[in-house]
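So that the names make sense, note that chain A is the first sequence line, chain B the second, and so on, each numbered from 1.
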2 protein chains.
Amino acid sequence: MILCSIADLSRASGATPRTLRFWESEGLIQPKREGQRRLYDQRARTRVKLIQRGQRLGFSLAEIREIVDLYDAPAEEAAQLSLLLARIAARRRQLEAKRADIEETLAELESVAAVCKERLVNLEGDAQ
Amino acid sequence: MILCSIADLSRASGATPRTLRFWESEGLIQPKREGQRRLYDQRARTRVKLIQRGQRLGFSLAEIREIVDLYDAPAEEAAQLSLLLARIAARRRQLEAKRADIEETLAELESVAAVCKERLVNLEGDAQ
DNA sequence: ACTAACGTTTACGTAAACGTCAACTTTTGA
DNA sequence: TCAAAAGTTGACGTTTACGTAAACGTTAGT
């Protein structure tokens with residue numbers, strides 16, 4: 001299954017055909033063509049997964065495009081490589097900040113949960 | 001500084017007055033009133049920070065409202081406490097899934113960075 | 001041969017999360 | 001006292017990320 005139709009990829013990914021066409025119009029994926037019809041190869045399917053992961057993390061499509069472009073930027077010159085490394089470092093910092101937000105939220109939720117559990121235990125004790 | 005104006009909170013938080021009023025209209029914050037004017041206490045300011053953190057994590061305002069409401073839900077009965085604990089557990093799983101997405105992305109970016117650095121070293125070697 | 005099923009482009013509609021006036025009242029410093 | 005500054009409530013505009021519908025071409029099974 002090296003190439004698949006838009007319906008196949010839609011079923012496999014959960015994204016609607018409309019969404020896949022929209023992402024293409026935004027330059028996020030570039031499927032092959034057989035006449036008019038789109039044909040998605042492994043590279044396109046991988047990018048769809050990257051797009052969806054980016055969305056789960058709250059990135060806009062514009063940011064997602066920049067992120068996935070980091071993966072296959074054809075860097076030859078030293079200057080291009082340095083620029084690419086700088087961009088990767090910036091995204092890493094951004095992701096680490098998000099991770100820190102997550103850790104804080106998790107800690108707070110755990111603390112609320114602890115209070116809840118204690119109250120539950122007290123209620124059970126009163127009931128006996 | 002137990003109470004502050006909308007302009008004060010706007011400066012302190014980075015959210016515009018329009019945004020603060022919008023969040024209020026959506027039921028995310030409930031400032032006091034002095035006549036017509038809004039007065040924000042510490043509780044309101046804390047909620048603003050929670051909202052902004054939720055936004056950085058890609059949650060919608062509807063989700064954020066559910067999340068911040070977990071912090072001050074007045075659970076008295078055992079049934080309410082159990083429900084609250086279940087909701088907290090669901091949010092925890094969601095946050096852990098996001099964290100896993102972040103770890104994957106970080107790992108991939110590091111691998112791309114490693115390739116870049118290797119190429120850079122090779123280029124420097126060729127130059128000598 | 002024919003009709004579903006699948007695909008295409010084009011265009012308009014929509015929900016979320018505010019931005020941007022407008023028109024007006026209230027407060028406050030000179 | 002009086003004008004600037006700050007605040008208020010509508011109401012309409014904007015961007016993002018698609019949904020939905022129209023009108024049409026292509027392909028596959030009976």
Original post:
What is the distance from CD of A:Glu24 to P of C:dT10, rounded to the nearest Å?
Top reply: 12 Å

Extract all donor-acceptor atom pairs below 3.5 Å that involve side chains of residues 108-120 of chain A and protein atoms in other chains or at least two apart in sequence.
unit_1	atom_1	unit_2	atom_2	d
A:Glu108	OE1	B:Arg53	NH2	2.7
A:Glu108	OE1	B:Tyr71	OH	2.7
A:Glu108	OE2	B:Arg53	NH1	3.1
A:Arg119	NH1	B:Ala75	O	3.1

**OP:** Can you figure out which of C:dG19, C:dA17, C:dG7 approaches the side chain of B:Ser60 most closely?
**Re:** C:dA17

Original post:
So do B:Arg91 and A:Thr105 actually touch side chain to side chain, heavy atoms under 4.5 Å?
Top reply: no

Original post:
To the nearest Å, how far apart are A:Arg33 CZ and C:dC6 P?
Top reply: 19 Å

Original post:
Is there a side-chain polar atom (N or O) of B:Ser5 under 4.0 Å from OP1 or OP2 of D:dG7?
Top reply: yes

Subject >> Residue A:Arg38, side-chain atoms from C-beta onward, closest of C:dT8, C:dG19, D:dG19 >> reply: C:dT8

**OP:** Report the nucleotide, chosen from C:dC18, C:dT8, D:dA6, that has the shortest atom-to-atom distance to any side-chain atom of B:Arg37.
**Re:** D:dA6

**OP:** Rounded to the nearest angstrom, tell me the gap between atom CZ in A:Arg18 and atom C1' in D:dG19.
**Re:** 7 Å

Original post:
What integer distance in Å separates B:Leu20:CG from D:dT8:C1'?
Top reply: 14 Å

Original post:
Should we count CZ of A:Arg87 as having more than 12 external heavy atoms under 6.0 Å?
Top reply: no

**OP:** Provide, to the nearest angstrom, the distance between the CH2 atom belonging to B:Trp23 and the C1' atom belonging to C:dC18.
**Re:** 10 Å

Original post:
OP1 or OP2 of C:dG19 sitting under 4.0 Å from any side-chain N/O of B:Thr19?
Top reply: yes

**OP:** Can you tell me the distance, in whole Å, between the CD atom of A:Gln36 and the P atom of C:dA5?
**Re:** 22 Å

Subject >> Between P of D:dT16 and CG of B:Leu61, the distance in whole Å >> reply: 18 Å

Original post:
So, for A:Arg99 and B:Ile102, which heavy atoms are closest and what is the spacing to 0.1 Å?
Top reply: N-CD1, 3.8 Å

Original post:
So, is A:Thr16 near the phosphate of D:dG19, with a side-chain N or O under 4.0 Å from OP1 or OP2?
Top reply: yes

**OP:** Give A:Gln55 one of three labels, base, sugar-phosphate or nothing, depending on what nucleic acid heavy atoms sit under 4.0 Å from its own.
**Re:** sugar-phosphate

Original post:
Who are the side-chain hydrogen bond (donor to acceptor under 3.5 Å, both in side chains) partners of B:Arg92, not counting sequence neighbours?
Top reply: none

Original post:
What does B:Arg21 touch in the nucleic acid at a heavy-atom separation under 4.0 angstrom: a base, only the sugar-phosphate, or nothing?
Top reply: base

Subject >> For atom CD of A:Glu26 and atom C1' of D:dA17, their distance in whole Å >> reply: 8 Å

**OP:** Could you pick out which residue, B:Ile51 or A:Ala7, lies toward the 5' side of DNA chain C when each is mapped onto its nearest nucleotide?
**Re:** A:Ala7

